[in-house]
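Below is one structure, written out as structure tokens, with a few remarks after it.
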Amino acid sequence: MKIATWNVNSLKVRLPHLLDWLAAESPDVVCLQELKLEDKAFPVEELAAAGYKAVFSGQKTYNGVAILSKLDARDVQIGIPGLEDEQRRIIAATVDGVRVICGYFVNGQAVGSEKFAYKMSWLAALTAWVREELQQHPQLVLTGDFNIAPEARDAHPDWKDEIHVSEPERAAFRALLALGLSDAFRLFEQPEKIYSWWDYRMMAFRRNFGLRIDHILISAPLLPQALRCWVDKAPRKLERPSDHAPVIVELKRTV
DNA sequence: ATGTCGTGTTTGACACGA
């Protein structure tokens, strides 16, 4: 069973990339972020033709999340319960007995800004909710664009901005791990300087000037099932790519 | 190096978010 996350930065623009990638990689579950389209514009039929069901929560221009799956997605939850938020950042569903939470975490813009305060309070609300979800669903995957590079090795050495690498953000990431989750990528030996996002500017991708901010966290009962986890840079090399590359975890599980 | 994208509107130029 392969579970993937990909910030597509406009599903409308990236649909051809996505369909090609689904055909090539055949993931069982795909969490998408930054759809940037309203629900009525979601490409339900194109994805169904590719063999995927979809649940989604979108809005005009910004944000928007979806879970694609070969099997049915059950018990769909949109947004963090109890959190007033117009920004469509969270969708959760149960697929084949695994609770999948797909998140487009707040960017935060700059440490100390109003948006940063929103990021930190949003992270606190998410953490409290995921704690409850874990009690209901021991087999849980929390994945998406976290907009946090957890450790120094997850940021290019020349990264100077504080946002995405600040201590409060990293502490919030560790608080999620402390719920009993593990960063699937770090369960395995990995090459150095593996990132999942590169700014469109400054020829960042060519220079590998990136951050590892897209993550797949898995709960303890799933640990024995984890086979591998990797970043797939192939779609980032195409014409008109998303600024993010997909991340995939493979679980030993029959679907 | 206010650099590139995607989307939207106050639309063929600029604002915003990332």
Side-chain angles (χ1 to χ4, degrees), chain A residues 5-21 30-43 46-47 56-66 79 84-91 102-123 126 143-150 154-166 168-170 172-173 195-215 231-247:
Chain A
T5 182
W6 193 5
N7 179 325
V8 290
N9 184 22
S10 169
L11 182 53
K12 183 183 171 190
V13 172
R14 235 64 68 184
L15 185 60
H17 285 28
L18 176 62
L19 292 172
D20 286 351
W21 187 75
V30 184
C31 294
L32 301 176
Q33 303 88 36
E34 284 207 90
L35 308 179
K36 295 187 172 179
L37 45 76
E38 294 180 286
D39 288 348
K40 63 187 178 199
F42 193 92
E46 292 89 335
L47 289 163
F56 44 89
S57 174
Q59 69 185 90
K60 198 155 99 173
T61 313
Y62 302 121
N63 308 310
V65 285
E84 282 288 327
D85 194 353
E86 289 177 0
Q87 304 191 22
R88 307 287 88 190
R89 296 183 174 279
I90 286 286
I91 189 165
C102 168
Y104 174 49
F105 290 39
V106 178
N107 179 293
Q109 194 175 54
V111 174
S113 68
E114 204 170 301
K115 287 173 183 170
F116 188 78
Y118 166 50
K119 180 175 197 169
M120 298 312 297
S121 62
W122 188 92
L123 284 163
L126 175 77
T143 187
D145 174 1
F146 284 55
N147 272 313
I148 300 171
D154 299 313
H156 189 281
D158 294 341
W159 182 267
K160 292 290 187 287
D161 289 348
E162 287 187 301
I163 193 66
H164 309 310
V165 303
S166 74
E169 293 165 88
R170 286 177 166 171
F173 186 89
Y195 309 122
S196 65
W197 169 82
W198 303 260
D199 199 297
Y200 282 124
R201 296 167 288 187
M202 305 174 290
M203 294 184 291
F205 185 69
R206 260 173 46 184
R207 297 161 48 215
N208 194 30
F209 183 66
L211 300 176
R212 193 175 72 89
I213 57 176
D214 299 270
H215 307 296
V231 177
D232 183 3
K233 282 172 76 168
R236 188 64 172 79
K237 297 174 182 171
L238 302 174
E239 289 293 315
R240 246 190 142 187
S242 166
D243 43 355
H244 295 252
V247 184

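So you know, we letter chains A, B, ... as the sequences are listed, proteins then strands, and number each from 1. Quick caveat, the model's predicted, so the values are computed rather than measured.
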Roughly how far, to the nearest 0.5 Å, is CG of A:L35 from OG of A:S10?
9.0 Å
Return the nucleotide paired to B:dT2: Watson-Crick means purine N1 to pyrimidine N3 with N6-O4 or O6-N4, wobble means G-U with N1-O2 and O6-N3, both under 3.5 Å.
none
Value in whole Å for how far the C1' atom of B:dG17 lies from NE2 of A:H164
11 Å
Scan A:F205 against the nucleic acid and name what it touches under 4.0 Å (heavy atoms): base, sugar-phosphate only, or nothing.
nothing
Check the orientation of A:H215 and A:F146. Use parallel for under 30°, tilted for 30 to 60°, and perpendicular for over 60°.
perpendicular
Distances under 3.5 Å between nitrogen or oxygen atoms of protein and nucleotides 8-11 of chain B:
none

Say you pick atom C1' in B:dG6 and the same atom in B:dT11; how far apart are they, in whole Å?
16 Å
What distance, rounded to whole Å, do you find between the two P atoms, one in B:dA15 and one in B:dT10?
13 Å
Taking the C1' atom in each of B:dG12 and B:dA1, what is the distance between them to the nearest angstrom?
27 Å
Integer angstrom distance from the P of B:dT2 to that of B:dT7:
25 Å
Answer yes or no: does atom CD of A:E162 have more than 12 heavy-atom neighbours from other residues, nucleotides or ligands under 6.0 Å?
no
Give a yes or no answer on whether the side chain of A:Q33 reaches the backbone of A:Y104 with a donor-acceptor pair at less than 3.5 Å.
no
Closest non-hydrogen atoms of A:W198 and A:R236, given as atom of the first, atom of the second and distance, are O-NH2, 2.9 Å
Between B:dT7, B:dG17, B:dT4, which one does the side chain of A:K115 approach most closely?
B:dG17
By nearest heavy atom, map A:L11 and A:Y200 onto DNA chain B; which one lands nearer the 5' end?
A:Y200
Do the numbers put A:R207 on top of the ring of A:F209, so that NZ or CZ is under 6.0 Å from the six-membered ring centre and no more than 45° off the axis?
yes
Would you kindly give the CG-to-P distance between A:N7 and B:dG17, to the nearest whole Å?
17 Å
Using the ring of each side chain (for Trp, its six-membered ring), is A:W197 parallel, tilted or perpendicular to A:W159, with breaks at 30° and 60°?
perpendicular
Could you state the CG-C1' distance from A:L37 to B:dT7, rounded to the nearest angstrom?
11 Å
Are OP1 or OP2 of B:dT4 and a side-chain N or O of A:R240 less than 4.0 angstrom apart?
no
Any strand, both distances under 3.5 Å, Watson-Crick or G-U wobble: B:dC14 pairs with B:dG8
Of A:D199 and A:D243, whose nearest nucleotide on DNA chain B comes first from the 5' end?
A:D199
